[in-house]
*Asks:* 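Pasting a structure below so you can have a look.
Quick caveat, the model's predicted, so the values are computed rather than measured. Along the sequence shown, the residues carry numbers beginning at 1.
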Amino acid sequence: MKSQLLEERIRRVTVLFSELSYRVVEDERSHNAYSATFEDEEGFQSGALIERGSRFLELAYALTFPPAFSQLMKVKLEEMLKVCYEYGCYVSLQQTATEIAFSVFTKIYYSGLTYYSLRDSLRDFRDCVAALMDLMEMEKPAEEAQ
């Protein structure tokens with residue numbers, strides 16, 4: 001039996017994302033959860049998770065790197081954590097033989113979920129992701145003087 005509360009939260013979240021000019025590009029539904037990838041007109045994609053027993057909407061973004069970046073990740077990790085803290089996000093770091101995944105998350109409680117709170121939370125979340133991407137950008141070699 002489907003949870004009416006879960007269905008209402010899914011409807012509410014998808015409507016709010018639509019009002020903020022995001023569209024669902026992929027989604028998956030089970031009796032306990034709903035996950036979706038939302039994309040805006042600029043191509044920014046973020047994952048959203050709605051779980052049946054949870055009191056909040058979770059947004060996620062994963063930055064992935066090849067294993068060769070492990071030393072750079074060690075050097076930059078403290079700065080990356082500071083950036084996430086500054087924007088109120090939390091992280092997960094996982095390394096496999098084929099990649100390093102640095103995932104950034106934020107949560108929004110349903111009791112305060114409005115158009116404006118989601119808009120502001122998405123802005124902060126996107127700013128966090130942009131700051132992390134800037135931080136991890138590889139330095140380009142200096143051009144030789146002619």
Side-chain angles (χ1 to χ4, degrees), residues 1-140:
M1 180 175 211
K2 289 185 181 179
S3 164
Q4 287 181 317
L5 181 59
L6 178 63
E7 292 301 316
E8 173 55 27
R9 287 178 175 168
I10 293 168
R11 187 199 63 75
R12 182 176 170 199
V13 167
T14 54
V15 165
L16 288 172
F17 269 104
S18 175
E19 289 175 353
L20 290 165
S21 299
Y22 283 80
R23 65 183 180 87
V24 176
V25 291
E26 185 178 328
D27 67 346
E28 187 175 314
R29 201 182 283 244
S30 72
H31 68 284
N32 285 324
Y34 173 80
S35 62
T37 301
F38 290 88
E39 180 179 70
D40 70 3
E41 297 148 351
E42 299 167 5
F44 178 82
Q45 288 187 351
S46 174
L49 176 64
I50 300 170
E51 292 180 300
R52 185 176 190 166
S54 179
R55 294 183 180 158
F56 52 84
L57 166 67
E58 186 172 55
L59 302 178
Y61 189 91
L63 298 155
T64 57
F65 306 95
F69 279 55
S70 63
Q71 191 58 39
L72 177 64
M73 293 291 295
K74 287 177 186 175
V75 170
K76 299 282 188 174
L77 186 58
E78 186 174 344
E79 289 177 78
M80 293 172 76
L81 293 173
K82 285 179 182 178
V83 166
C84 291
Y85 179 78
E86 177 184 332
Y87 288 100
C89 297
Y90 62 101
V91 301
S92 170
L93 181 62
Q94 295 180 319
Q95 184 170 0
T96 66
T98 58
E99 72 178 13
I100 301 168
F102 186 90
S103 300
V104 182
F105 303 92
T106 193
K107 294 180 181 182
I108 306 165
Y109 286 90
Y110 291 116
S111 61
L113 183 61
T114 65
Y115 171 89
Y116 298 104
S117 67
L118 183 57
R119 181 196 66 190
D120 294 348
S121 294
L122 278 167
R123 182 192 61 230
D124 290 345
F125 186 64
R126 288 183 68 152
D127 288 349
C128 179
V129 169
L132 288 169
M133 292 174 99
D134 287 347
L135 181 65
M136 293 305 294
E137 188 174 69
M138 299 300 293
E139 291 183 12
K140 297 176 183 157

*Asks:* For a quick test of reading the model, state the closest non-hydrogen atom pair linking Val83 to Ala131 and the distance between them.
*Replies:*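 Taking every non-hydrogen atom into account, CG1-CB, 3.7 Å.
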
*Asks:* Hey, are the side chains of Phe17 and Leu118 touching, using non-hydrogen atoms and a 4.5 Å cut-off?
*Replies:*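 A side-chain contact exists here, since the closest heavy-atom pair is under 4.5 Å.
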
*Asks:* Tell me the salt bridge (Lys or Arg N to Asp or Glu O under 4.0 Å) pairs involving residues 9-22, sequence neighbours left out?
*Replies:*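 Only Glu8-Arg11 qualify under salt bridge (Lys or Arg N to Asp or Glu O under 4.0 Å).
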
*Asks:* Between Arg52 and Glu7, does any NZ, NE, NH1 or NH2 come within less than 4.0 Å of an OD or OE carboxylate oxygen?
*Replies:*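 No, Glu7 and Arg52 are not salt-bridged.
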
*Asks:* Check residues 90-97 and write down every donor-acceptor pair under 3.5 Å in which the side-chain atom is one partner and the other belongs to a residue at least two apart or another chain.
*Replies:*
{"from": "Tyr90", "atom 1": "OH", "to": "Glu58", "atom 2": "OE2", "distance (Å)": "2.1"}
{"from": "Thr96", "atom 1": "OG1", "to": "Thr98", "atom 2": "N", "distance (Å)": "3.3"}
{"from": "Thr96", "atom 1": "OG1", "to": "Thr98", "atom 2": "OG1", "distance (Å)": "3.3"}
{"from": "Thr96", "atom 1": "OG1", "to": "Glu99", "atom 2": "N", "distance (Å)": "3.2"}
{"from": "Thr96", "atom 1": "OG1", "to": "Glu99", "atom 2": "O", "distance (Å)": "3.3"}

*Asks:* Kindly indicate, with the supporting measurements, whether the criterion side chain to side chain contact (heavy atoms under 4.5 Å, CB included) is fulfilled by Arg23 and Phe38.
*Replies:* CA-CA 5 Å; Arg23 65 183 180 87; Phe38 290 88; over 6 Å; no

*Asks:* Can you name the closest pair of heavy atoms from Tyr61 and Val129 and give their distance?
*Replies:*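 Answer, listing the atom of Tyr61 first, then Val129: CE2-CG1, 3.5 Å.
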
*Asks:* For Asn32, what residues pass the side-chain hydrogen bond (donor to acceptor under 3.5 Å, both in side chains) criterion, not counting sequence neighbours?
*Replies:*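 Once residues adjacent in sequence are excluded, Asn32 has no partner under the side-chain hydrogen bond (donor to acceptor under 3.5 Å, both in side chains) criterion.
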
*Asks:* Nearest 0.5 Å, what's the CG-NZ distance between Leu81 and Lys76?
*Replies:*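 Those atoms lie 13.5 Å apart.
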
*Asks:* Just to verify, what does Tyr34 make a side-chain hydrogen bond (donor to acceptor under 3.5 Å, both in side chains) with, not counting sequence neighbours?
*Replies:*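 Testing Tyr34 for side-chain hydrogen bond (donor to acceptor under 3.5 Å, both in side chains), a comparison that skips the adjacent residues, returns Asp27.
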
*Asks:* With sequence neighbours left out, which residue pairs that include part of residues 102-117 fulfil the side chain to side chain donor-acceptor pair (under 3.5 Å) condition?
*Replies:*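 Sorted result for residues 102-117: Thr114-Ser117.
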
*Asks:* Check salt bridge (charged side-chain N to carboxylate O under 4.0 Å, His left out) between Asp127 and all other residues, then give those that pass, not counting sequence neighbours.
*Replies:*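 Testing Asp127 for salt bridge (charged side-chain N to carboxylate O under 4.0 Å, His left out), a comparison that skips the adjacent residues, returns none.
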
*Asks:* Where is the tightest heavy-atom contact between Leu132 and Phe102, given as atom of each residue plus distance?
*Replies:*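 That closest heavy-atom pairing would be CD1-CE2, 3.9 Å.
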
*Asks:* Could you give me the CA-CA distance, side-chain angles and deciding distance for Tyr22 and Leu122, then say whether side chain to side chain contact (heavy atoms under 4.5 Å, CB included) is met?
*Replies:* CA-CA 11 Å; Tyr22 283 80; Leu122 278 167; 3.8 Å; yes

*Asks:* Which heavy atom of Leu6 sits nearest a heavy atom of His31, and at what distance?
*Replies:*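 Result for this residue pair: CD2-O, 3.7 Å.
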
*Asks:* Do Ile100 and Ser70 have side chains that get closer than 4.5 Å, going by heavy atoms?
*Replies:*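 Heavy-atom side-chain distance check passes, below 4.5 Å.
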
*Asks:* Side chains of residues 40-48: which donor-acceptor pairs under 3.5 Å do they make with residues two or more places apart or in other chains?
*Replies:*
{"from": "Asp40", "atom 1": "OD1", "to": "Glu42", "atom 2": "N", "distance (Å)": "3.0"}
{"from": "Asp40", "atom 1": "OD1", "to": "Gly43", "atom 2": "N", "distance (Å)": "3.0"}
{"from": "Asp40", "atom 1": "OD1", "to": "Phe44", "atom 2": "N", "distance (Å)": "2.9"}
{"from": "Asp40", "atom 1": "OD2", "to": "Arg126", "atom 2": "NH1", "distance (Å)": "2.1"}
{"from": "Asp40", "atom 1": "OD2", "to": "Arg126", "atom 2": "NH2", "distance (Å)": "3.3"}
{"from": "Glu42", "atom 1": "OE1", "to": "Arg126", "atom 2": "NH2", "distance (Å)": "3.0"}
{"from": "Gln45", "atom 1": "NE2", "to": "Glu39", "atom 2": "OE2", "distance (Å)": "3.0"}
{"from": "Ser46", "atom 1": "OG", "to": "Ala60", "atom 2": "O", "distance (Å)": "3.1"}

*Asks:* Hey, could you give me the CZ/OH distance between Arg123 and Tyr87, rounded to the nearest 0.5 Å?
*Replies:*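 Result: 10.0 Å between the selected atoms.
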
*Asks:* Mind running side chain to side chain contact (heavy atoms under 4.5 Å, CB included) on Leu63 and Met133 for me, showing each step along the way?
*Replies:* CA-CA 8 Å; Leu63 298 155; Met133 292 174 99; 3.7 Å; yes

*Asks:* Can you see which heavy atom on Val75 is nearest to which on Glu79, and at what distance?
*Replies:*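 It is O-OE2, 4.5 Å.
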
*Asks:* Closest heavy-atom contact between Val104 and Cys89?
*Replies:*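 Of all heavy-atom pairs spanning Val104 and Cys89, the closest is CG1-CB, 3.7 Å.
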
*Asks:* I need the Ser54 OG to Leu49 CG distance, nearest 0.5 Å.
*Replies:*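 Nearest 0.5 Å value for the OG-CG distance: 7.5 Å.
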
*Asks:* Return the set of residues passing salt bridge (charged side-chain N to carboxylate O under 4.0 Å, His left out) with Glu78 (not counting sequence neighbours), or none when no residue passes.
*Replies:*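 For Glu78, the residues satisfying salt bridge (charged side-chain N to carboxylate O under 4.0 Å, His left out) (neighbours in sequence not counted) are Lys82.
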
*Asks:* Just how far is it from atom OG of Ser3 to atom CD1 of Ile10, taken to the nearest 0.5 Å?
*Replies:*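 The CD1 atom of Ile10 is 8.5 Å from OG of Ser3, to the nearest 0.5 Å.
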
